Structure formats: C-alpha cells, structure tokens
Amino acid sequence: QVHVVESGGGSVQAGGSLTLTCLASGYFSRVNYITWFRQAPGKEREWVAAHSARGTWFCYRDSVKGRFTISRRDNANNAKTVTKEMNSLKPEETAKYYCAAGGMKGERLRVADYKDWGQGTQVTVSS
C-alpha cells in the first residue's frame with residue numbers, strides 16, 4: 001500500500017501558475033505509475049499527467065501539453081515526490097486535483113486501476 005499526500009493548491013488568476021506536490025510513501029512493488037487526476041464539479045475524474053514509478057516515462061493530456069511539467073524524485077525511506085508545475089492556467093481547469101499511485105501496464109491511465117489516492121487539493125482559476 002502507498003500513502004499519498006498532495007499539497008500546493010490555491011487560487012490564481014487566469015494565466016497564472018501553481019506547483020502541486022505529491023508525496024507518496026510505502027511499497028511500490030505493484031505501482032507502475034504516479035498520476036495526477038482532476039475532477040471539476042459535475043464532471044468525471046480525468047487524468048492530467050502521469051509519471052512512471054520507477055523509470056523515466058511520462059505523458060500529458062493533450063490540453064495541458066506545453067503548459068504543465070511533471071517530474072519525479074526518489075527519496076529515502078521508500079518515498080517518491082512527484083511535482084507538477086502548471087503554467088498559463090485557464091478558468092476551466094478549476095478542479096480538485098488528486099495524486100494517485102497504481103495503474104496497469106498498457107492501460108496506464110484508467111481511474112479504476114489506481115488503488116491509492118490522496119485527499120486532493122483544490123485549484124481555483126479565476127477569469
């Protein structure tokens with residue numbers, strides 16, 4: 001099991017920037033990816049950016065490419081930090097952002113395949 005904690009949310013104006021941090025700790029033997037998701041009110045949860053738990057693979061949702069950057073750092077004591085820098089934020093990106101550990105090789109980004117989730121951090125972008 002992996003314990004996940006997010007931090008760094010807040011309120012910004014359109015065009016502004018925020019950096020979200022995910023601290024994941026525990027046993028990663030069954031974790032293939034550490035992924036950021038988001039969920040806006042009344043909408044389904046969607047993936048935003050993902051990073052492999054052990055290698056260098058990463059990917060971005062098309063709508064955030066060129067504006068968001070994800071990186072992973074392996075810490076001591078079986079912990080990993082996954083940071084997501086978000087630039088040029090848009091009002092429609094207002095949502096609660098979640099970090100999750102899990103995923104299946106092949107179908108990497110399906111919500112149901114992530115077993116360990118953080119509590120989420122709110123991001124509000126005003127126009």
Side-chain angles (χ1 to χ4, degrees):
Q1 186 176 358
V2 175
H3 185 238
V4 179
V5 178
E6 307 97 336
S7 61
S11 297
V12 295
Q13 290 192 327
S17 300
L18 282 173
T19 297
L20 304 185
T21 300
C22 172
L23 177 61
S25 58
Y27 296 97
F28 292 89
S29 59
R30 295 184 179 184
V31 173
N32 293 304
Y33 310 102
I34 300 174
T35 298
W36 283 97
F37 293 81
R38 65 188 176 193
Q39 188 167 19
K43 295 190 176 180
E44 291 189 356
R45 192 168 296 190
E46 62 183 18
W47 73 275
V48 180
H51 203 294
S52 59
R54 283 172 287 281
T56 58
W57 178 88
F58 59 89
C59 73
Y60 301 98
R61 186 174 196 84
D62 282 348
S63 63
V64 308
K65 285 180 180 177
R67 299 187 296 118
F68 288 16
T69 303
I70 191 170
S71 60
R72 191 197 83 234
R73 183 181 75 243
D74 295 337
N75 309 322
N77 301 323
N78 289 328
K80 299 178 187 287
T81 299
V82 175
T83 301
K84 184 177 68 168
E85 298 178 20
M86 305 185 295
N87 297 310
S88 302
L89 282 161
K90 303 175 181 180
E92 56 265 35
E93 293 178 313
T94 293
K96 197 162 190 180
Y97 283 71
Y98 297 88
C99 181
M104 303 291 289
K105 291 184 178 179
E107 281 285 349
R108 297 173 173 143
L109 305 167
R110 196 164 53 188
V111 172
D113 292 330
Y114 285 78
K115 304 304 180 187
D116 297 306
W117 292 80
Q119 293 299 307
T121 185
Q122 179 67 35
V123 171
T124 302
V125 186
S126 57
S127 57

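These numbers come from a predicted model, not from an experiment. Because only heavy atoms are used, hydrogens play no part in the values below, and waters and symmetry mates are left out as well, while side chains stay in.
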Legend entry - Distance-only donor-acceptor check, side chains Ser25 and Asn77, under 3.5 Å: no
Inset, instruction - State the CZ-CZ distance between Phe37 and Arg61, to the nearest 0.5 angstrom. - result: 10.0 Å
Legend entry - Enclosure of Arg54 CZ (heavy-atom neighbours >12, cutoff 6.0 Å): yes
Inset, instruction - State, with a plain yes or no, whether a side-chain heavy atom of Trp36 is found less than 4.5 Å away from one of Val82. - result: yes
Legend entry - Closest heavy-atom pair and its distance - Tyr60, Ala49: CD2-CB, 3.8 Å
Legend entry - Sidechain-backbone polar pair: Lys80 side chain, Ala53 backbone, donor-acceptor under 3.5 Å: yes
Legend entry - hydrophobic_cluster_shared for Phe58 and Leu20, side chain cutoff 4.5 Å: yes
Inset, instruction - Report, as yes or no, whether the 6.0 Å neighbourhood of atom CD on Glu46 holds more than 12 heavy atoms from other residues, nucleotides or ligands. - result: yes
Inset, instruction - State, to 0.1 Å, how close Gly102 and Val31 come at their nearest heavy-atom pair, and which atoms those are. - result: N-CG1, 3.6 Å
Legend entry - Test: Lys84 cationic atom under 6.0 Å from Tyr97 six-membered ring centre, within 45° of axis: no
Legend entry - Whether over 12 other heavy atoms sit under 6.0 Å from Phe28 CZ: yes
Inset, instruction - Indicate the atoms forming the closest heavy-atom contact of Ser17 with Asn87, along with that distance. - result: OG-OD1, 2.8 Å
Inset, instruction - Would you name the heavy atoms of Pro91 and Ala14 that are closest together and state the gap between them? - result: CD-CB, 3.9 Å
Inset, instruction - First locate atom CZ of Arg38, then atom NZ of Lys96, and finally report the distance between them rounded to the nearest 0.5 Å. - result: 16.0 Å
Legend entry - Residues in side chain to side chain contact (heavy atoms under 4.5 Å, CB included) contact with Thr124, at least two apart in sequence or another chain: Ser11, Thr94, Gln122
Inset, instruction - Could you tell me the separation between the OH atom of Tyr27 and the CD atom of Gln1, rounded to the nearest 0.5 Å? - result: 11.0 Å
Legend entry - OG on Ser52 to CZ on Arg108, rounded to 0.5 Å: 9.0 Å
Inset, instruction - List the steps and the verdict of side chain to side chain contact (heavy atoms under 4.5 Å, CB included) for Cys99 and Ile34. - result: CA-CA 7 Å; Cys99 181; Ile34 300 174; 3.6 Å; yes
Inset, instruction - Starting at OG1 of Thr83, measure out to CG of Leu23 and round the result to the nearest 0.5 Å. - result: 10.0 Å
Legend entry - Interatomic spacing from CG in Leu18 to CE in Met86 - rounded to 0.5 Å: 5.0 Å
Legend entry - Verify same cluster id: Tyr98, Val64 (apolar side-chain graph, 4.5 Å): no
Inset, instruction - Could you tell me whether the side chain of Glu6 and the main chain of Cys22 form a donor-acceptor pair under 3.5 Å? - result: no
Legend entry - Polar side-chain atom of Glu93 near backbone of Lys90 as donor-acceptor pair, under 3.5 Å: yes
Legend entry - Which residues share a side chain to side chain contact (heavy atoms under 4.5 Å, CB included) with Lys105, sequence neighbours left out: Asn32, Tyr33
Inset, instruction - Sequence neighbours left out, what passes side chain to side chain contact (heavy atoms under 4.5 Å, CB included) with Leu109? Give chain and number order. - result: Thr35, Trp47, Ala50, Cys59, Tyr114
